[in-house]
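Notes for the one structure printed next.
If you're wondering where the values come from, they're calculated on a predicted model, not measured in any experiment.
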Amino acid sequence: MTRGQRTGALGAGCLFLVLSACGQPAIQPATSACIAPLVPALEVNLYFGREKPGGGEVSDAEWASFVAESVTPRFPAGLTVIDARGQHRDPQGRIGSERTKLMVIVVFDAPAHREKVGAIVEGYRARFGQHGVFRVEQPVCAGG
């Protein structure tokens, strides 16, 4: 095989790998391999910034009221809230840091959770004037 043939074969092989990767999902869910008693589920992580655009911060009492009124009725089976510190870029391009609440909800009824999570996010934005709530979803094996 000449140098040109090797280069062509290598290029065709790389093109095949790139094109075959395009048809694959970015993340292969590991949930099909859940070992009993664990079952496939979806972990939803919501990052709630606590700074208010007009100044001040969402107080602990305001947060507790929001959770009791907007979150618990939608996910009565349970959730976890972790105090964190987040860094973000605001709509004007400035880097900021603020106290954050990380809410972890594990759902077993995906995709039925989407509307409930959307209502929680929109409720927080409207109530506290936030420009957004960061959201991460990932397949997991869960149970207890």
Which pairs of donor and acceptor atoms, one on a side chain in residues 116-127, lie under 3.5 Å apart (sequence neighbours left out)?
from: Lys116; atom 1: NZ; to: Asp109; atom 2: OD2; distance (Å): 3.4
from: Tyr124; atom 1: OH; to: Gly49; atom 2: O; distance (Å): 2.6
from: Arg127; atom 1: NH1; to: Glu69; atom 2: OE1; distance (Å): 3.2
from: Arg127; atom 1: NH2; to: Ser65; atom 2: OG; distance (Å): 3.0
from: Arg127; atom 1: NH2; to: Glu69; atom 2: OE1; distance (Å): 3.2

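- A distance of 7.0 Å separates CZ in Phe66 from CZ in Phe128, rounded to the nearest 0.5 Å.
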Please output the side-chain donor-acceptor pairs of residues 129-144 that fall under 3.5 Å, not counting sequence neighbours, one pair per line with the distance.
from: Gln130; atom 1: NE2; to: Glu51; atom 2: O; distance (Å): 2.5
from: Arg135; atom 1: NE; to: Glu137; atom 2: OE2; distance (Å): 2.9
from: Arg135; atom 1: NH2; to: Glu137; atom 2: OE2; distance (Å): 2.7
from: Glu137; atom 1: OE1; to: His113; atom 2: NE2; distance (Å): 3.3
from: Glu137; atom 1: OE2; to: His113; atom 2: NE2; distance (Å): 3.2
from: Gln138; atom 1: NE2; to: Glu43; atom 2: OE2; distance (Å): 3.3

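- Taken together through direct or relayed side-chain contacts under 4.5 Å among Ile, Leu, Val, Met, Phe, Trp and Tyr, Leu102 and Val44 form parts of separate hydrophobic clusters.
- Remark: Gln87 pairs with no residue by the side chain to side chain donor-acceptor pair (under 3.5 Å) rule, at least two apart or across chains.
- Hydrophobic clustering of Ile, Leu, Val, Met, Phe, Trp and Tyr side chains at less than 4.5 Å, counting indirect connections, unites Tyr47 with Val104.
- Here CD1 of Ile82 is found 12.0 Å from OG1 of Thr100. Values are rounded to the nearest 0.5 Å.
- Shown are Glu62, Glu57, Arg85; of these, the side chain to side chain contact (heavy atoms under 4.5 Å, CB included) with Arg50 is made only by Glu57.
- In the displayed structure, Arg89 atom CZ is contacted under 6.0 Å by at most 12 heavy atoms of other residues, nucleotides or ligands.
- Between Val81 and Trp63 the shortest side-chain heavy-atom distance falls below 4.5 Å.
- Side chain of Arg74 to main chain of Ser70: a donor-acceptor pair is present (N/O by atom type, distance under 3.5 Å, no hydrogens or angles).
- The number of heavy atoms from other shown groups lying within 6.0 Å of CD1 (Ile35) does not exceed 12.
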Practice task
Could you check Met103 against Thr80 for side-chain contact (heavy atoms from CB on, under 4.5 Å), going step by step and ending with a plain yes or no?
Solution key: CA-CA 6 Å; Met103 182 177 291; Thr80 298; over 6 Å; no
